Protein chains: 2
Amino acid sequence: MSILQNAADVLRCFSKECPDLTVTEVVRRLGIPKANASRLLKAMREAGLLETIGDSYRHRPGRLMLDLGTAYRSSSNLIARAGEAVGEVSQRFGHTGYVSIREGLEVTGVADFPGTNALRVVGAIGRRLTAHESATGRSLLARLTGDEVRALFAGRDMPAELDEKLADIRRDGFALSSQEATPGVDAIAIAVGDPATEEAVSLCIVYPHSLVDDKGRDEMIAALSEGAARIAGELGDTAFVPPRI
Amino acid sequence: MSILQNAADVLRCFSKECPDLTVTEVVRRLGIPKANASRLLKAMREAGLLETIGDSYRHRPGRLMLDLGTAYRSSSNLIARAGEAVGEVSQRFGHTGYVSIREGLEVTGVADFPGTNALRVVGAIGRRLTAHESATGRSLLARLTGDEVRALFAGRDMPAELDEKLADIRRDGFALSSQEATPGVDAIAIAVGDPATEEAVSLCIVYPHSLVDDKGRDEMIAALSEGAARIAGELGDTAFVPPRI
DNA sequence: AACATTGGTTCCATTTTATGGAACATCGTG
DNA sequence: CACGATGTTCCATAAAATGGAACCAATGTT
């Protein structure tokens, strides 16, 4: 197996929750011989893929990785446009907004906008959610056909009401969640895609349930869908369903 | 040379300005044989370090890299704290703020806060600045001794007035720039370090020159230095100079 | 329609690296 | 000081990367 694969496996060990690793932690997680892990981390350090924290044994991703995240975002004008649209809505209403992408049954935030209200939802970026258990994930799943969704669940049980929920999203053009992943937190999500690159992103606003009534929610849906519709129009996304409240 | 080194070199080709690459672009930039580049990119793709955009020949950093940037930020509680402090100041005054780190004679933004004023400075993150030609860079250089700074310029000419400028920063505890990197844009920067990890970051606010008078500027210096002083106190940074306006 | 041009991949023998088990080194602690 | 936990070095073997050239495919060009 290529050493690149091993290096990538090491990198995959990092996350917001686990921001640094030692040689033995890598050994435990990947089940590789200690000697390999030691040399691998050393080589990755020398290549700049990792760096040590202070002069301790702890390793974190190299500084290089910061730039790559940025490059990723600007490589996709879908993400850039989506970020712009969400940023506007986030600022107008003061609630936190983010843009996320799906990979299999997981969704990850790629951009976020903190929101300005005193009571706001924080920390969306870098957190992984299960696609079918969040509005943002379902808005992305709804872009697939029923068969494609079932294929994603190959092996696992597909939640009973998911089909129905996705049908609703396909009809309405937007997804909602109320106190689902986090108590007291509601979310609105609308997905849009770029046919040229076959990417799709979800534009999402999260807000405290207690702070927003139906009217406020509908205003945000309208604002978000205006942004999404503009992007869909510009990029020629035919799968986009103009939201109807 | 390890293939990791080559892979890292490929990754270093990416930036905000160059968010995707083809095989031949890599060949041109790195001067390696075409066959190697082709196989290297393929291996990196298979490892998840890269991905292709749509079904074209263009490559961009893998999705993985997004998470790594996030991990990097949360690996350093200095960066996290600095981000918090800058975020508060940014929001209070509506101007863009960012946190950056120095590496040799370059500084890079690691976190940014867009600012809410209609007239604001955008796009700080991922952009590299020359350390001595920006307030944020000089605030970091001022933490070094004169000899250390001269060592950084080994070979190159060290700008004549830099020594003097850095002395001022060491005395005042903050750095200013007025229309230096960008016409019409001023900046305030204060550096703070974590003795435990030997990291240092700069807290910086950038704002349109035309929008802020001396009084407003001093208020921002005060707010920023309050945040910086709190961090310095908590982490025990003895090199920190409490700013005096 | 034949022909260069550009961009990418595959093939092969040779050279360079990675592997994993075990011995060795280092550090902090009871 | 001995212990346990962690990280590094050594070695022969197994597995890679290398680079030159041939090959493939799409795109313009006369």
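Nothing here was measured: the structure is a model prediction, and the numbers come from that model. Note on naming: letters A, B, ... go to the chains in the order of the sequence lines (proteins, then strands), and numbering restarts at 1 for each one.
Between B/Asp67 and A/Lys16 there is no salt bridge, since no side-chain nitrogen of the basic residue lies less than 4.0 Å from a carboxylate oxygen of the acidic one. We find that B/Glu180 and B/Arg138 are joined by a salt bridge, their nearest charged nitrogen and carboxylate oxygen being less than 4.0 Å apart.
In this structure, CG of B/Leu40 is placed 16 Å from P of D/dA16, rounded to the nearest angstrom. Rounded to a whole Å, the CG atom of B/Asn6 is 9 Å from the C1' atom of D/dA17. When the C1' atom of D/dA15 is taken as reference, atom CG of A/Asn36 falls 12 Å away, rounded to whole Å. One interatomic measurement links the two molecules: CZ of A/Arg29 to P of D/dT6, which rounds to 15 Å at whole-angstrom precision. A/Leu41 places its CG atom 14 Å from the P atom of D/dT6, with the value rounded to the nearest Å. Distance, A/Gln5 CD to D/dA16 P: 12 Å, rounded to whole Å. One can place CD1 of B/Ile3 at 13 Å from C1' of D/dA15, the figure rounded to the nearest angstrom.
Taking the ring centroids of B/His132 and B/Phe153, they lie under the 6.0 Å cut-off.
Nearest-nucleotide positions on DNA chain D place A/Ser38 closer to the 5' end than the other of A/Leu4 and A/Ser38.
Listed here is the closest heavy atom pair of B/Val27 and B/Ile32: CG1-O, 3.4 Å.
Here the side chain of A/Arg39 is nearest to one of D/dT8, D/dT9, D/dA17, namely D/dT9.
The stretch residues 27-36 of chain A participates, sequence neighbours left out, in these side-chain hydrogen bond (donor to acceptor under 3.5 Å, both in side chains) pairs: A/Asn36-A/Arg39.
Heavy-atom contacts of chain B under 4.0 Å fall on DNA chain C between two terminal nucleotides, which in 5' to 3' order are C/dG7 to C/dA18.
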**Request:** Kindly indicate, with the supporting measurements, whether the criterion side-chain contact (heavy atoms from CB on, under 4.5 Å) is fulfilled by B/Tyr72 and B/Ile79.
**Result:** CA-CA 9 Å; B/Tyr72 187 97; B/Ile79 295 177; 3.8 Å; yes
